[in-house]
*Asks:* 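Sharing a structure, written as C-alpha cells. Questions coming.
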There are 2 protein chains.
Amino acid sequence: MAEFNLEHDLREALAGIGRAIGQPHRLRLLELLAQREYYVEQLAELSSLTMASASQHLQHLRRAGLITVRRDGRQMAYRLTDERIIDLLGLVRQIARSQIAEVERLLSQLFPNDPDLTPLVALSQAELVQQMEAGQVTLLDVRPGAEFEAGHLPGAINLSLAELEQHLDSLPKDQSIVAYCRGPYCALSHKAAQMLQARGYQVQRFEDGFPEWKRAGLPIETLQRSSLNGTQHP
Amino acid sequence: MAEFNLEHDLREALAGIGRAIGQPHRLRLLELLAQREYYVEQLAELSSLTMASASQHLQHLRRAGLITVRRDGRQMAYRLTDERIIDLLGLVRQIARSQIAEVERLLSQLFPNDPDLTPLVALSQAELVQQMEAGQVTLLDVRPGAEFEAGHLPGAINLSLAELEQHLDSLPKDQSIVAYCRGPYCALSHKAAQMLQARGYQVQRFEDGFPEWKRAGLPIETLQRSSLNGTQHP
DNA sequence: ATAACATTCAATTAAATAGTTGAATGTTAT
DNA sequence: ATAACATTCAACTATTTAATTGAATGTTAT
C-alpha cells in the first residue's frame, strides 16, 4: 500500500466513503440519523443491532467523515456531519432504482399495490408545495414521535400506524391527506396511505421524506424538548 | 441473510453501489470511463492492473449497475450506464474534501503551490462560461488524445504535458489560457498551468473536468474516428 | 477448420470486514 | 469514594474481498 502514489492514496480516502455506505446496517443508521440526532442505545434498538455492533458501525461511519459524536451526560449523541449526505443517499437510491433490476423488484414488493384500489399518487416536492400553498391539504407524519418532535413539515400531524386506526375521526374525509415518513424507501407512509384509502379517504403520498424536505431548504417546524429522549417505536 | 426483511434486502442492494465505489482501483476505472468508452485492455493499462484484475473489477462495477459492456469485434467496450454517476463521484469528492482532514492534506501535496508563483486561480463552471462568452480565452485540454477526440470543450486545443513544452509558441501570451483535464482531482491541468505560469503565460485552471462540463449539458465538440483505439498516454 | 487474440472464469492465497463476548473506560448519581 | 450505567475496546471466529495464475470461451482472420 505504501508503494502507491498520491492519486491512489486520494482515491483510497474517497473509497472509504463508499465502503462506509457499503453495508446495509450502516445505511439504516444513516437513514435514522438523517431524521435527527440519536444516542447509540436508540440506534442499536432501531436497527436491531447489539450495542457493541452498533458502536462499531458508528465508528466506521465516523472515520469516513459521515457522522460526528458529542457527549451528552453519559450517553453519546451521533449526527450527520453534512447535509450533503442526504443528497448522496438520494443519488444512490436513484441510480440503484434505474440500473439494478433487483431494486425495482424489491420496491414493488415493499410497496404492493392493492388490486382493489387505485394506485397511490406519489407527489413530488414541487407538487406538494403547490398543494400546501393552495391550502387544501392535511399533512400526516407517520414517523415515531421522537423524530416528529425533532422536526416535521409545517402543520403536520403525527400519528404512528398503530395510533392511526384510533384517531380516524381526526382526519378530514373531504380534503386531501398527504402521508410522508423517513424517505423514498420507507414503507410507513405507504402502509398508512393504503389503509386510509381503503377506508375512503382522499390520500396521496409524498415521494420523499422529511430529510429531503429539510435539505431542500423548505420550512420546517420543531417541538422543543429538554432531552434527546422520546417515544420510541420500531 | 435470508431471515431479514425486504427493507434490509433493499439496503443490501443499495450498499452494493457503495461497495462498488469503495475501492481505489474501481474509482480510477470510473474516472476513466467518465471520459469515454474504453476497452478492457486500455483500462488495465491506464489503471496499472493486470487484465484479469481489471476484468474482475469491471464486472464488480457492472453488477452494481454502474457500467455496461458491448462487444466490439473481439474486444469488450465498457461505459458508464448513467450520467448521474458523474454526480455521485462529485458528491463523494465534495464530502470527502470537507469532512476528511487526510483528503485536504493529500490535495495540498498533489497540487503543491510553488512559493515563487501566485497561487493558481480555479475557475468555476459559471466563471468559465462567462469568460468563454467574452471570447478572450484559450482552452487547453491536457488529457490523452483518445479522450480529447471522444469529446472536449468547444474550441479547446489538446496538448499533453510532454507536448506542451514543444508547442509553447502556439499559445498566446497576451490572452488568458484555461487548462482542464479529467476532473477536480486530476493533477494534469495543475501541472500544465504551473509550467505555463512559470514561463509568463496568463493561465487559470478549470476546477472541474470534461465529464462535469458535459454532465451540466454544456456544449461539447467531438472528433470522429472509425474505432475506439487512439493514442494512449499514461 | 484453425490459429491468434481479448476477455472471462476457476481456483488459490492473503487481507479486510462483521459479529460476538466479556473486560475496560469515563461519566453521573448516591 | 463508590456504584450504576452507556459506550468503547480487545480478542476471537466466520465471511467476504482482492490479487494471482493458468485454463476456458468466443470472436476474427487466415
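In what follows, chains carry the letters A, B, and so on, assigned in the order in which the sequence lines appear, proteins first and then strands, with residues in each chain numbered from 1.
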*Asks:* Nearest-Å distance, CD (B:Q42) to P (C:dA6)?
*Replies:*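 Whole-Å distance recorded here is 11 Å.
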*Asks:* Within a strict 4.5 Å, meaning less than it, do heavy atoms of the B:L80 and B:I86 side chains meet?
*Replies:* yes
*Asks:* Do the side-chain N or O atoms of A:R71 get closer than 4.0 angstrom to the phosphate oxygens (OP1, OP2) of C:dG26?
*Replies:* no
*Asks:* Is a side-chain donor or acceptor of B:Q75 paired with a backbone partner of B:D72 at a separation under 3.5 angstrom?
*Replies:* no
*Asks:* I'd like to know if A:E212 and A:R215 make a salt bridge, using a cut-off of under 4.0 Å between side-chain N and carboxylate O.
*Replies:* no
*Asks:* Without decimals, in angstroms, what is the distance between A:E45 CD and D:dT7 C1'?
*Replies:* 16 Å
*Asks:* What is the ring orientation for B:W213 with B:F206, classed by angle as parallel under 30°, tilted 30 to 60°, or perpendicular over 60°?
*Replies:*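 Rings of B:W213 and B:F206: perpendicular, over 60°.
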*Asks:* Any non-hydrogen side-chain atom of B:Y185 less than 4.5 Å from a side-chain atom of A:L14?
*Replies:* yes
*Asks:* Whole Å only: how far is the CD atom of B:Q75 from the P atom of D:dT27?
*Replies:* 14 Å
*Asks:* Rounded to whole Å, how long is the line connecting atom OH of B:Y39 with atom C1' of C:dT8?
*Replies:* 17 Å
*Asks:* If the cut-off is 4.0 Å, is B:S55 near the phosphate of C:dT7, judged by side-chain N/O to OP1 or OP2?
*Replies:* no
*Asks:* For B:V40 and A:S53, find the nucleotide of DNA chain C closest to each by heavy atoms; which residue's nucleotide sits nearer the 5' end?
*Replies:* B:V40
*Asks:* Between A:T50 and B:M76, name the one whose nearest nucleotide on DNA chain C is closer to the 5' end.
*Replies:* B:M76
*Asks:* Look at B:R26 and D:dA18 and indicate whether a side-chain polar atom (N or O) is within less than 4.0 Å of OP1 or OP2.
*Replies:* yes
*Asks:* What is the separation between atom NE2 on B:H25 and atom P on D:dT17, rounded to the nearest whole Å?
*Replies:*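 Taking atom P of D:dT17 as the reference, NE2 of B:H25 is at 17 Å.
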*Asks:* Could you go through the side-chain hydrogen bond (donor to acceptor under 3.5 Å, both in side chains) check for B:Y39 and B:E45 one step at a time?
*Replies:* CA-CA 10 Å; B:Y39 295 136; B:E45 162 82 29; over 6 Å; no
*Asks:* Output the rounded distance in Å from CG (B:L49) to P (D:dT17).
*Replies:* 18 Å
*Asks:* Look at all strands and tell whether B:M51 reaches a base, only sugar-phosphate, or nothing, counting heavy atoms closer than 4.0 Å.
*Replies:* base
*Asks:* Can you tell which of D:dT28, D:dA18, C:dA29 lies closest to the side chain of B:R74?
*Replies:*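 From the listed options, D:dT28 comes nearest.
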*Asks:* How long is the straight-line distance from CG of A:L29 back to CZ of B:R11, given to the nearest 0.5 Å?
*Replies:*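 Atom-to-atom, B:R11:CZ and A:L29:CG are 9.0 Å apart.
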*Asks:* C:dT17 P sits how many Å from B:Q23 CD, rounded?
*Replies:*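 Checked: the CD to P distance equals 11 Å.
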*Asks:* Answer yes or no: does a side-chain N or O of B:Y78 lie under 4.0 Å from OP1 or OP2 of C:dT8?
*Replies:*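 Checking B:Y78 against C:dT8: at least one side-chain N or O falls below 4.0 Å of OP1 or OP2.
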*Asks:* Hey, does A:Q56 reach any base, or is it just sugar-phosphate, or nothing, if we go heavy atoms under 4.0 Å?
*Replies:*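 If one applies the 4.0 Å heavy-atom cut-off, A:Q56 turns out to touch a base.
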*Asks:* Looking just at side-chain N and O atoms, do A:Y78 and A:Q42 make a donor-acceptor pair shorter than 3.5 Å?
*Replies:*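 Their side chains do not contain a donor-acceptor pair, so the 3.5 Å distance test is not met.
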*Asks:* In whole angstrom, give the distance that lies between atom CZ of A:R63 and atom C1' of C:dA18.
*Replies:*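 From A:R63 CZ to C:dA18 C1': 12 Å.
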*Asks:* Please tell me which of the listed nucleotides, C:dT17, D:dT8, D:dC9, lies nearest to the side chain of A:Q59?
*Replies:* D:dC9
*Asks:* Does A:H57 make a side-chain N or O approach to OP1 or OP2 of C:dT17 shorter than 4.0 Å?
*Replies:*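 No.
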*Asks:* Can you tell me which stems involve DNA chain D, if a stem is defined as three or more consecutive Watson-Crick or G-U wobble pairs, both distances under 3.5 Å?
*Replies:*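 So far as stems of 3 or more pairs are concerned, DNA chain D shows C:1-30 with D:1-30.
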